[in-house]
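Have a look at the structure below before the remarks.
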Amino acid sequence: MKNLVEELRRKRGLSQDEFARAIRVSRQTVSAIETGKYNPSLELAFVIAEYFGKKIEEIFIYEGSSGNEKK
């Protein structure tokens, strides 16, 4: 899953540490989310989306296999 967390964080002029404190997670968690090594829980995804004033699907982009698409 791709995401726009780093881009949105940088646009706000926040360091990873500042953003982590704002959403109450570790800086390591923010780093892992930004690099795609960790997908946040649904609850954390909602917290991140609310922080940026966006919908979850505007921040987190699912890249599923093309064989599962509905016709």
Side-chain angles (χ1 to χ4, degrees):
M1 177 168 26
K2 290 172 74 175
N3 69 72
L4 303 176
V5 174
E6 182 177 10
E7 179 182 329
L8 293 167
R9 175 183 60 77
R10 287 180 184 269
K11 281 183 180 178
R12 290 258 177 122
L14 298 170
S15 69
Q16 285 184 339
D17 191 53
E18 291 168 326
F19 180 54
R21 278 185 273 141
I23 62 169
R24 299 179 183 216
V25 299
S26 70
R27 186 204 55 79
Q28 290 84 355
T29 297
V30 170
S31 177
I33 291 169
E34 290 182 353
T35 59
K37 294 179 180 174
Y38 173 73
N39 291 325
S41 66
L42 185 56
E43 182 178 356
L44 181 54
F46 272 111
V47 169
I48 292 169
E50 185 177 333
Y51 182 85
F52 290 119
K54 301 207 175 276
K55 295 178 183 177
I56 288 176
E57 60 270 21
E58 292 176 307
I59 299 174
F60 298 95
I61 299 97
Y62 176 67
E63 297 179 317
S65 63
S66 59
N68 292 334
E69 296 173 353
K70 292 182 181 178
K71 294 183 179 182

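Computed from heavy atoms alone, side chains included, the values below leave out hydrogens, waters and symmetry copies. As the structure is a computational prediction, the values presented were derived from the model and not from experiment.
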Examine Y62 and I56 and state if one hydrophobic cluster contains both, with Ile, Leu, Val, Met, Phe, Trp and Tyr joined whenever side-chain heavy atoms are less than 4.5 Å apart.
no
Under 3.5 Å, which donor-acceptor pairs link side chains of residues 33-45 to any protein atom two or more places apart or in another chain?
residue : atom : partner : partner atom : Å
E34     : OE1  : R9      : NH2          : 3.2
E34     : OE1  : Q16     : NE2          : 2.8
E34     : OE2  : R9      : NE           : 2.5
E34     : OE2  : R9      : NH2          : 3.4
T35     : OG1  : S31     : O            : 3.0
T35     : OG1  : A32     : O            : 3.3
S41     : OG   : L44     : N            : 3.1

Could you tell me which residues satisfy side chain to side chain donor-acceptor pair (under 3.5 Å) with E50, sequence neighbours excluded, listed by chain and number?
none
Salt bridge (Lys or Arg N to Asp or Glu O under 4.0 Å): pairs with one or both residues in residues 15-32, sequence neighbours excluded
D17-R21
Of all heavy-atom pairs linking F52 and V5, the shortest is CZ-O, 4.4 Å
For K11, enumerate each residue passing the salt bridge (charged side-chain N to carboxylate O under 4.0 Å, His left out) test, keeping only those at least two apart in sequence or located in another chain.
E7
Side-chain touch I61/L4, heavy atoms, less than 4.5 angstrom:
yes
With sequence neighbours left out, the residues meeting ring-ring contact (aromatic ring centres under 6.0 Å, His included) with Y51 are F19
Test side chain to side chain donor-acceptor pair (under 3.5 Å) applied to E58 - qualifying residues, sequence neighbours left out
none
